[in-house]
Protein chains: 2
Amino acid sequence: MSPAARNSPGLSSDSASVQDYVKVIYAFTEWQDKPVTMTALAARLKVANSSVTEMVRKLVDLGLANHKPYNPVELTPEGLRLALLMVRRHRLLETYLVHELGYGWDEVHNEAELLEHTVSDTLVDRMSARLGHPDRDPHGDPIPSADGTIELPAAHVLSTLDEGHQGRVARISDANPHLLRYLSDEEIRLDTAVTMLGRKPFGGALTVQVGSGGRVRELDLGDELAASVWVMTEGRHEGCTLEKS
Amino acid sequence: MSPAARNSPGLSSDSASVQDYVKVIYAFTEWQDKPVTMTALAARLKVANSSVTEMVRKLVDLGLANHKPYNPVELTPEGLRLALLMVRRHRLLETYLVHELGYGWDEVHNEAELLEHTVSDTLVDRMSARLGHPDRDPHGDPIPSADGTIELPAAHVLSTLDEGHQGRVARISDANPHLLRYLSDEEIRLDTAVTMLGRKPFGGALTVQVGSGGRVRELDLGDELAASVWVMTEGRHEGCTLEKS
DNA sequence: TGCGGAATTTCGGCATACCTAAATTTACAA
DNA sequence: TTGTAAATTTAGGTATGCCGAAATTCCGCA
Ligand SMILES: [Mn+2]
Ligand SMILES: [Mn+2]
Ligand SMILES: [Mn+2]
Ligand SMILES: [Mn+2]
């Protein structure tokens, strides 16, 4: 079966590869703001640098990206629109698998990575409806709405939390399943309260207090862990809204 | 993401095309027993004859099919195993979409045709469990078990039903969505009782009585329709079992 | 100011899965 | 038996996406 015109314009017409490239380019700047280099894309996509060069040229031809030779890549409004649609699919799929089919939050990423290219808009919408139109996925990543709007929570990396201050877990990078499993085991999940106690001397681990009410624990966090967890401090709720095109 | 080894041996290693060819070869002989010709495959797959020749050679190389030049194709036990796994995926997906996500039985085929190549064994098994391990899909087609066993109901094409005899709808070909929608509108679905009244003279339409208890109707069926509906006469329940390898 | 290493692009190739047009083989009918 | 039309295969090509190796470009530092 050929990818027919059963979806949003400029969605089913794009190959799975194009979809993944665009999505990765977007994801690169969702929580940071560094320039997106060819090498970085190659590493993330597990592909040779030369392959990225070629595909980026294609993205430019398709009007999805802007690129001047030897410079970083940027999405066009058109590319951003496609990226947000793909991100929506990916995150809704993850959420659906966790809430409706009993997956663990460390098990859903690969499944969603493939399914996102195959599900129809109809299916995505039905899953969203079934879930009550959730606004974040199991890892706390915001789910773009069907019209291509996304609202980023005003969360910060845990390691930047000031000593003595408290926050709630708002997001956890889903890059490392082992890390996710560890956090589950430690009963740290979205919205878990965390208080920064301080850093052990000489570049040591961060120490945090986990939980708020009854059972409170202290926990040392390694560097990767501290860099993978985002927290939201109470009160603040601004966030920032990205619109399509 | 490359098709990794997250599935049954010899499943994720096969391309979507290989999976579709094998599945179509199987489907061809599920309800009939004619030799599977190149031309028939080409027509069903909407592909040039020469493409089929090439791909069949590949299937032979992969040990999935037997083929002597200018002769019909047959699946090897290995090929049958793969085909039944694909059929299981396809039919469970259709069933899931209908029962859990509100799809109509005329809307699920294309969606399943794509998803079947992308879902993991784990996902299929969870869907099956969620559905209570159903043994037939929305069109009455039997769902192979996870170990590759399928039980074909002893159904016959409606047009072969003897005059005056009654049966229940056991299967409807899902080839034509319009036909499925028409049957829904006429409130004919699986297990609906049907009694053969006879054929209008001079090659005319079949006339059947639909329903059994209270509201009974007469209905004329065109040729395509009569050939697309299978019925099971009461009492008989033998069926036949196909095993893997 | 120019050098050298890193990043990027270019080049030639490979695998998959298609296609059209041109053989080739087969089967059946005269 | 032989011709011929249909079915099938072969040959030559295209489009995607990927690769490694070889150029090229860039940038910071001596
Ligand atoms: Mn993907
Ligand atoms: Mn996620
Ligand atoms: Mn398919
Ligand atoms: Mn079906």
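Since we're looking at a predicted model, the values are computed, not measured. Every chain is numbered from 1, with letters handed out A, B, ... down the list of sequences.
To the nearest angstrom, P of C/dC18 lies 14 Å from NZ of B/K46. Residue B/R57 contributes atom CZ, which lies 14 Å from atom C1' of C/dC18 at whole-angstrom precision. Per the geometry, CD belonging to B/E54 stands 19 Å off P belonging to D/dA7, to the nearest Å. A/M55 has its CE atom 15 Å from the P atom of C/dT9, to the nearest Å. Between A/M38 atom CE and D/dT25 atom C1' the separation is 13 Å, expressed in whole Å. In this structure, A/N49 places its CG atom 11 Å from C1' of C/dA6, rounding to the nearest Å. Counting to the nearest Å, the P atom of C/dT16 and the CG atom of B/D61 are 10 Å from each other. The distance between atom OH of B/Y70 and atom P of D/dA5, rounded to the nearest whole Å, is 18 Å.
Look at B/K23 and B/E113 and you find a salt bridge, because one of the NZ, NE, NH1 or NH2 atoms lies within 4.0 Å of a carboxylate O, short of that distance.
The listed nucleotides are D/dC18, D/dT9, D/dT8; the one nearest the side chain of A/V47 is D/dC18. Proximity note for A/S50 (side chain, C-beta onward) versus D/dT25, C/dA17, D/dA21: the nearest is D/dA21. Taking only side-chain atoms of B/Y21, from C-beta outward, the nucleotide of C/dT8, C/dC18, D/dC18 with the closest atom is C/dC18. Comparing C/dT9, D/dT8, D/dC18 by their nearest atom to the side chain of B/T39 picks out D/dT8. In the set C/dT9, C/dA17, D/dT8, the nucleotide with an atom closest to the side chain of A/P69 is C/dT9. Nearest to the side chain of A/K58, among D/dT16, D/dT24, D/dT8, sits D/dT16.
Applying the 4.0 Å criterion to OP1 and OP2 of D/dC18, one finds that A/S17 has a side-chain N or O inside that range. The phosphate of D/dC18 has neither OP1 nor OP2 within less than 4.0 Å of any side-chain N or O from A/S51. Applying the 4.0 Å criterion to OP1 and OP2 of C/dA17, one finds that B/S15 has a side-chain N or O inside that range.
Within a 6.0 Å radius of CD in A/E107, more than 12 heavy atoms belonging to other residues, nucleotides or ligands are found. The 12-atom threshold is exceeded at CD of B/E100, counting heavy atoms of other residues, nucleotides or ligands nearer than 6.0 Å.
Of the options A/D141, A/D125, A/D135, A/D121, a salt bridge (charged side-chain N to carboxylate O under 4.0 Å, His left out) to A/R88 is made by A/D125 and by none of the others.
Counting any heavy atom pair closer than 4.0 Å across all strands shown, A/A48 reaches sugar-phosphate atoms only and no base atom.
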How far apart are the C-alpha atoms of A/S15 and A/Y21, what are their side-chain angles, what is the distance that settles it, and do they pass the side chain to side chain contact (heavy atoms under 4.5 Å, CB included) test?
CA-CA 10 Å; A/S15 68; A/Y21 273 81; over 6 Å; no
